Amino acid sequence: MSIEATVFCLLHTSTPLMRTSQLLIPTLRHPPGEADIISHRLMTRAGMIRKVAAGIYTYLPLGLRVLKKIECIIRQEMNRAGAQELLMPILAPADLWRETGRWDFYGKELLRCQDRHARDFCFGPTHEEVITDLFRREIRSYRQLPLNCYQIQTKFRDEIRPRFGLMRGREFIMKDAYSFDADEAGARRSYQKMYTAYERIFTRCGLTFRAVEADNGLIGGSMSHEFMVLSETGEETIVYDERSAYAANVEQAAVPPPSDEDHAALLPLETVHTPGAHTVQEVCASLRVAPARLVKTLLYQTPAQEIIAVLIRGDHEANTTKLNRFCGTEGITLAQKDVVSNLSLAPVGFIGPIGLTGIRIVADHAVKAMRNFVVGGNKTDTHLIHANWGRDFAVEAFLDLRQARAGDPSPKSDSRLQEAKGIEVGHVFLLGTKYSEAMQATFLDASGHERAAVMGCYGIGVSRTAAAAVEQNHDDKGMRWPVPIAPFHIHLLPVTASENVLTTAGMVYDALTGAGMEVLWDDRDERAGVKFNDADLIGAPFHLLIGDKGLAQGIVEFKRRDTGDVVNLPPNEVLPHVQSLLAAYDLPNV
RNA sequence: CGGGGCGUAGCGCAGACCGGUAGCGCACCGCGUUCGGGUCGCGGGGGUCGGAGGUUCAAAUCCUCUCGCCCCGACCA
């Protein structure tokens, strides 16, 4: 490299571009029609992201800055919690995935490919196999534990239907961490450290969130919490209890058995004609009873094609997560119509527990408390009233099988649950030894016995966190980034083009950037209105307006993006003012 | 995978039913004008109408196939 080129590189790597005229920030007045939710629309309009294919995006300079900030906060907090960063490959050999059985089990979401020798590989949707393989090769002794390694890396999950921009992409950036401990107690300590680190991370990112109890799902293990950013656009529903700090995903939330039982005298079973009444609503309308007086019979089929009948009170919803847990299955589904008809039963809508032979019958707790209820008649256009379990049909077990909902009693206090929508930005799992046993990831304990490591895994959707931040922080003009993850701290807006304004802008810019602040200087030859609109759209937390009107009075205008409040300051007081504002934050240094 | 919709200039759309010169707004380029919330005027560049095949004297337009994208559903961390 020539001297000139070297000098050029040094100059230009040490002074990042912060002028609008030089940066690639292609703002749009109109979003593309396909952008559906706020974060997708605004991030596209602000020139932060561009779609390359369904669920696959390019992060433009502005968007990348936000991601880097989130990553930085994550790194700082992960390191603080004793985790160490490494980087695993995007492609993993199929053999590793076959060892845990997930090559077959993970399904179409696992994107597979072959190399030139026709060897199978997959794009990592998560990295338990690769990290566990590393562990078993390198770790021999309990003295090397605990160990917690993380990476920040691009993941690929071939979602059936990618949607919502960065919120549910196929390719996305994720921080995933894996802990290895010598025993369960150690694993719980590692889990707790990550839980605490996650609280710090999302707090520092300026998000309103809630940690909720969650199901372990396909990944396995015994305990997990999801970190939910509260937002109406959330795809998840959570229930929480203000009084006891209890919060859970509705999938997971336990519903206690009803406290009151109906003790009415048993009435004789009667057959009633209910033509065309398939749904709970139709049956209730036809018989003039409340949905809570009805018991619906749902037929589920396990992956092994076993059929099980599930009795749920008419106004309740079944919870397949709980059903899976009871059956010891994953992926139980409502029986298909053709399966039902092959069982030579009544059509869907008229199925009932009475006379249902050769099929297991389980019921939700709530059914146990009922007397003289309505059930399907197992015959077209027929229902039965005054049905009673025990007398008219047997139930294998009563257990918690329904979805929690607002108004249900809290399992942890005597108050009632409330509902909210959330975006899952983080998930911590206590895995146990599922992967370490499958892959013989063992070590010798203090007494010389070989033991399987007790694992935990911990994910944060980095790109999704950025999108969630926008969902939670915007107005009709654009984004309002929380200070720590904003692409820039200050948007410098000369509103007129006089010599005086430009000179002042240059001086303020030098002063602020010299003090380490990130200033986006809109030096374009544009009208003030255009600059204001772009600035509101991009959503830096502070805007600095410099114009001839103000300078005539010796002031510049310092405006908060979130409240719109304006403070008039002499130019030389801008730096201390911003410094005092930013001092309130634990800022990442990207 | 089932149902619905859409592919025409960078973005937003019209034209299609009824085949015959490919249009509008914004953006972009030039000149002038204006300059504190998306100025105004004049001039200009840019499109194999997603792709392939077919019908026809002639296809953005009609037919067949195909690819891509979006929405709803089922599925899922």
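Source: prediction; values computed, not measured. Chain naming here is simple, since letters A, B, ... match the order of the sequence lines and numbering starts at 1 in each.
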Looking across every strand, which nucleic acid part, if any, lies under 4.0 Å from L334(A) by heavy atom: base, sugar-phosphate, or nothing? nothing
For the pair made of CD1 in I160(A) and P in rG2(B), what is the distance, rounded to whole Å? 13 Å
Who pairs with T496(A) by side chain to side chain donor-acceptor pair (under 3.5 Å), at least two apart in sequence or on another chain? D548(A)
Under a 3.5 Å cut-off for both distances, is rG38(B) Watson-Crick or wobble paired, and to whom? none
Apply side chain to side chain donor-acceptor pair (under 3.5 Å) to S231(A) and list each qualifying residue two or more places apart in sequence or on a separate chain. T233(A)
Quick one: K108(A) NZ to rA74(B) P, roughly how many Å, whole number? 18 Å
With both distances under 3.5 Å as the test, what is the Watson-Crick or G-U wobble partner of rG7(B)? rC67(B)
Mind checking who rA16(B) pairs with, Watson-Crick or G-U wobble, both distances under 3.5 Å? none
Just by distance, no angles: are the side chains of Q114(A) and D120(A) close enough, under 3.5 Å, to form a donor-acceptor pair? yes
rC13(B) and rA60(B): how far apart are their C1' atoms, nearest whole angstrom? 15 Å
Between the base of rG37(B) and the side chain of K559(A), is one N or O donor paired with an acceptor at under 3.5 angstrom? yes
Apply ring-ring contact (aromatic ring centres under 6.0 Å, His included) to residues F429(A) and H225(A) and explain how you reach the verdict. CA-CA 7 Å; F429(A) 298 88; H225(A) 286 86; over 10 Å; no
Can you name the residues that form a side chain to side chain contact (heavy atoms under 4.5 Å, CB included) with R200(A), not counting sequence neighbours? E77(A), R80(A)
Check R480(A) with D475(A), please: is the shortest side-chain N to carboxylate O separation under 4.0 Å? yes
For the pair D158(A) (side chain) and L111(A) (backbone), establish whether a donor and an acceptor sit closer than 3.5 Å, ignoring hydrogens and angles. no
Contact class for R161(A) (heavy atom, under 4.0 Å): base, sugar-phosphate, or nothing? base
Review item, nucleotides 8-13 of chain B N/O atoms under 3.5 Å of protein N/O:
from    : atom 1 : to     : atom 2 : distance (Å)
rC11(B) : O2'    : H30(A) : O      : 3.2
rG12(B) : OP1    : G33(A) : N      : 2.7

Shortest side-chain distance from D36(A), nucleotide among rC69(B), rC76(B), rC71(B): rC71(B)
When you check the side-chain N and O atoms of Y106(A) and R112(A), is any donor under 3.5 Å from an acceptor? no
Once you apply a heavy-atom cut-off of 4.0 Å, does A497(A) come out as touching a base, just sugar-phosphate, or nothing? nothing
Can you tell me how far P of rC75(B) sits from CD1 of I332(A), to the nearest Å? 12 Å
Interatomic distance where CD belongs to E235(A) and P belongs to rC75(B) [whole Å]: 14 Å
R45(A) CZ - rC26(B) C1' separation (whole Å): 13 Å
Does OP1 or OP2 of rC71(B) have a side-chain N or O of R163(A) closer than 4.0 Å? no
What's the gap between rG47(B) and rC40(B) when it is taken at their P atoms, as a whole Å value? 28 Å
According to the Watson-Crick and G-U wobble definitions, with both distances under 3.5 Å, which nucleotide is paired to rG47(B)? none
Can you check the distance between rC6(B) and rG50(B), where both ends of the measurement are the P atom (answer in whole Å)? 13 Å
So, K155(A) versus H127(A): side-chain donor-acceptor pair below 3.5 Å or not? yes
So which of residues 522-544 of chain A are in contact with RNA chain B, with a heavy-atom cut-off of under 4.0 Å? R527(A), A528(A), G529(A), V530(A), F532(A), N533(A), D534(A), D536(A)
Would you say a side-chain N or O of K477(A) is under 4.0 Å from OP1 or OP2 of rG37(B)? no
Can you tell me how far P of rC1(B) sits from CD of E109(A), to the nearest Å? 16 Å
Does either side chain, that of N148(A) or that of Y150(A), offer a donor lying less than 3.5 Å from an acceptor on the other one? no
Give me the distance, rounded to whole Å, that separates rG41(B) from rU33(B) when you measure between the C1' atoms they each carry. 8 Å
Suppose we screen for side chain to side chain contact (heavy atoms under 4.5 Å, CB included). Which residues come up paired with K421(A), at least two apart in sequence or across chains? E232(A), T237(A)
Using a 4.0 Å heavy-atom cut-off, does K51(A) contact any base of the nucleic acid, only the sugar-phosphate backbone, or nothing at all? sugar-phosphate
Interatomic distance at P, rA58(B) relative to rU8(B), whole Å: 26 Å
Determine the interatomic distance between C1' on rG12(B) and the same-named atom on rC70(B); round to the nearest Å. 16 Å
Please name the nucleotide paired to rG2(B) by Watson-Crick or G-U wobble geometry with both distances under 3.5 Å, or report none. rC72(B)
Below 4.0 angstrom, N of the basic side chain to O of the carboxylate: do E128(A) and K434(A) qualify? no
From CG of L110(A) over to P of rC76(B), roughly how many Å is that when rounded to an integer? 16 Å
Determine the Euclidean distance between corresponding C1' atoms of rG15(B) and rC49(B); express it in Å to zero decimal places. 10 Å
Rounded P spacing from rA22(B) to rU48(B) in Å: 13 Å
Check every strand shown and say whether E226(A) touches a base, only sugar-phosphate, or nothing at a heavy-atom separation below 4.0 Å. nothing
Integer-rounded Å distance: rC35(B) P and N500(A) CG: 18 Å
Base, sugar-phosphate alone, or nothing: which one does R464(A) contact when heavy atoms must sit under 4.0 Å apart? base
